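Let me begin by presenting the structure, written as structure tokens, before commenting on it.
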Amino acid sequence: MKYNPRELEGKWQKFWEDKGSFQCPDESPRPKYYCLEMFPYPSGKIHMGHVRNYSIADVVAHFKRMQGYNVLHPIGWDAFGLPAENAAIQNNTHPAKWTYANIEHMRSQLKRLGFSYDWRREVATCDPEYYRWEQLFFIKFFEKGLLFRKKAAQNWCPRCNTVLANEQVEEGLCWRCESPVEQKELTQWFLRITDYAQELLDDLEKLEGGWPERVLTMQRNWMGKSIGAEIRFNIEQSDKFLPVFTTRQDTVFGATFMSIAAAHPLLEEIIAGTGQESAVRTFVNQLQKTDTREQIGEAQEKEGVFTGRYCTNPFNGERMPIWVANFVLSGYGTGAVMGVPAHDQRDFEFAKKYSLPIRVAIQPGNIPPLDPKSMIEAVPEAGVMVNSGTFSGLNNEEGKARLAAYLEEKGLGKRSVNWRLRDWNVSRQRYWGTPIPIVYCDKCGVVPEKEENLPIRLPLDVVVHQDGRSPLPDTPKFYECTCPRCGGRARRETDTFDTFVESSWYFLRYTDSANRSAAFDKDKVTRWLPVDQYIGGVEHAILHLLYSRFFVKALRDCAFLPAVEALDEPFANLLTQGMVLMGGKKMSKSKGNTVDPSEMIDRYGADTVRLFCLFAAPPERDFDWTESGIEGAYRFVNRLWRLTVELAGKIPVLNACEASPADATLPRARELRRKEHAAVKKTGEDIADRFQFNTAIASVMELVNLIYLVKDELLADEGGKRVLGSSIFTTLTLLFPFTPHICEELREILGAPLPLTERPWPTYNEDALSAETLTIVLQVNGKLRGKIEVAADAGEEAVKNAALADPNIQKHLQGLTVKKVLYVRDKLVNVVAD
RNA sequence: GGCCGGGUGGCGAAAUGGUAUACGCAUCGCACUCAAAAUGCGACGUUCUCACGGACAUGAGAGUUCGAAUCUCUCCCCGGCUACCA
């Protein structure tokens, strides 16, 4: 009987599908477990990264099912997005056609891999039955003030005629046509994620332990909370002032100039009438041209130009020249920075370059007194405040608090918290996305659609422009509409949503994906959430995971979700899997170092492909795809096949771990039984506690190796046969989550009627793990000097005496005095001597 | 510059204070074969020794400990993410 993966895998895939083996009921007496992987973008083909991601998740799903959980394991398609439009342009087709064809193909690929999904729950985000609920959320968000319109600078590709998301700008160039990206002011829709900044930050604590530490750190850094103060600097000959955010208000007495961003709103007013107008404008224009490209690599040379105007330091009344500087970001803080050259490196470089004064305001205790004339770099360290009026002599940390209080008392400013996190721009000038359900009426202004008009369908009978422009603004049939409020003629918003919006709630829809009257049933969501295990690439560590966290909080506050603790955070545990590399580099079409999963399945079968992905490395780490590696996995699968087929009919049909101590009379049988139970323990712990699938598989390999070694001897003994039968069945059961098809087939060949899908994870026997003799390691002064076999029940004294009597130990103790004999139970004896 | 991950045989990797190198790959030997492939069995860190046995090995160096790949400190190298954040 030859191993024929193609035939047998198809057979079992059909069997599971017909039986509905992986359909998961909403109601069950069993405890729930929600196992989720990041759903794929239907780009055309499944790649190895997907295979790895989903193989990991499938092991978890199977394992939890075998442990008695009611496991929700769904899949779907993140189906809107720009690549569909690009492909449509290139291949002269329609994004919808392209997308649905890809989904079709990729679905069949996933089915060939035999993943245990509940396919009834499949969702595609480009389906109006999906995005209509998103439109409903947005109407509620709008009413709640969580969604608002604002003019903002955007990444704009002049050649493609569209806004680009930050992640579509590569080194300052458009990812598609490589034109330099410009900044363009556009009126856009924003979600007020900043309202949730503090909660998003605080709730990261709830994820401690369940999420990788580095992802938590990345999110914290991304949100970038800074605590400090806002100080007002009055502008000379003006009733205006420049607010400045700083975390170092303790250095304010060292401020000698003011620098503002080129895009600062008060710039024109500041330069008016100074005679510096043209110099400043020339500088600003230059900056806008070089701007985007210079953001890479080493920090740019500090440059600036004097505006001709001054402001006043409210603490010491000194005049500070106002400069426009290239290192001041308009999007962070207030777009103005007080220049403290003595204590900030950027300000120091700037001051040196333009000969601006340097004044020391903090003197660290452990270095000689600072002298501006001899300083070669800024000194940001803590210390005692100097030259600081009544604050002089204070420790700077205390000074920070005193100054902040003083600011508020005198009305010169306030305590302030600043975030790096921006509100989320969800508008895209693209076609292939969810229409924004907003209408512009000359009479009523900005009006949200009526709920009963949803979904606002994306028209499919349009042609995407060759230059990538959305056809929606040229489609009267779409944008011409009646005002939901007054019934007059109105115009529909033609922008669509960022596709990250769809992926921010798909995991909620899975719990009730067939619901035609609501996005999801509250009870169902409450029952299934949070996701118990989420698995995906670390590239989504910030955006997708942050947006999803925000989304459940926003939905809660709009009463779409109940306000229960279980729903505070959508993903209780997160596993970020590493990449599949080839030749040490990320697989990519342009490098030509890709491996097509379908080809590998044709050649080796799905079980082998899955096994290799799981065996090659622990899941968090990157691994290299190698031909010899997958050959090795294939060899093991074949070895298992031959072994089981050879033993079928010669051994009794037993359940996993069924052989008893009475069966294991031969020493070899006892050894095998011990290995069998040890493998159950190790495999279960490796899967459940550590996601160490590589070592879990290794322990099953050890079991198989031992069965090979002892089978001939055990076949001659009735008890031995039972131990073999038990061990083989344990092997198949343990491997089932990894290589389900071959395990089911071999189970059937052995003659066991109940499918593995209906069998529990085996339970090992603590007694079966212990041997009657133990190997004790002998050391002298911590160095290995021998080993002895002792009875498992030997007492401490007996073991120590045996150790001291060992000839090699005696030899090494010659001329030494024994000081101490250490005994580590069942492990070693260390004789300390000198 | 900042943050994170990593450095162990020829290679992927095990071992998280107690036998370093499990498991797999590659290589070599033996068996089977007319032969090869496949398969099975065995060897496999370096080095000294005929052997028994010893010395040295987890990026480098120090420390803690009876005992360190593992804990602490100093440093080097590789990879990733992020970056003028006031």
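Every value quoted in this text rests on a predicted model; they were computed, and no experiment measured them.
No engagement by A:N638 is indicated, since no non-hydrogen atom pair under 4.0 Å with the nucleic acid exists. Counting any heavy atom pair closer than 4.0 Å across all strands shown, A:D624 reaches no nucleic acid atom. Contacts of A:H343 with the nucleic acid, taken as non-hydrogen atoms under 4.0 Å apart, are absent. Using a 4.0 Å heavy-atom distance criterion, A:G629 is classed as making no nucleic acid contact. The residue A:M218 sits close only to the backbone: its heavy atoms come under 4.0 Å of sugar-phosphate atoms, none of a base. Using a 4.0 Å heavy-atom criterion, one finds that A:F623 contacts no nucleic acid atom at all. Contacts of A:V340 with the nucleic acid, taken as non-hydrogen atoms under 4.0 Å apart, are absent. Here A:R785 lies in heavy-atom contact (under 4.0 Å) with sugar-phosphate atoms only. Residue A:K819 is classed as having no contact, given no heavy-atom separation below 4.0 Å to the nucleic acid.
Against the 90° criterion about 0, the sugar-base torsion of B:G6 places it in the anti range.
With B:C85, B:A26, B:A22 as the choices, the nucleotide that has an atom nearest any side-chain atom of A:R635 turns out to be B:A26. For A:R642, whose side chain is taken as the heavy atoms from C-beta onward, the closest listed nucleotide among B:A83, B:A86, B:G40 is B:G40.
Taking side-chain N and O atoms only, A:N808 has a distance below 4.0 Å to OP1 or OP2 of B:G54. Distances shorter than 4.0 Å separate none of the side-chain N or O atoms of A:S259 from OP1 or OP2 on B:A86. Distances shown here put a side-chain N or O of A:K783 below 4.0 Å from the OP1 or OP2 atom of B:C56.
Of the N and O atoms on the side chains of A:T312 and A:E318, not one donor lies less than 3.5 Å from an acceptor on the other residue.
Remark: A:E796 does not engage A:R825 in a salt bridge, criterion side-chain N to carboxylate O under 4.0 Å. A salt bridge links A:E702 with A:K675: the closest approach of a Lys/Arg side-chain nitrogen to an acidic carboxylate oxygen falls below 4.0 angstrom.
Note that NZ of A:K820 is 5.5 Å distant from CG of A:L822, once rounded to the nearest 0.5 Å. Between A:K682 atom NZ and A:I687 atom CD1 the span is 11.0 Å, to the nearest 0.5 Å.
Between A:F350 and A:F257, the distance separating the two ring centers is shorter than 6.0 angstrom.
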Exercise for the section: Any chance you could list the contact pattern along nucleotides 14-21 of chain B? Use B for base contacts, S for sugar-phosphate-only contacts and - for none, protein heavy atoms under 4.0 Å, 5' to 3'. Expected result: SS--BBS-

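A:Y708 carries A:R639 over the face of its six-membered ring, with the cationic atom under 6.0 Å from the centre and within 45° of the normal.
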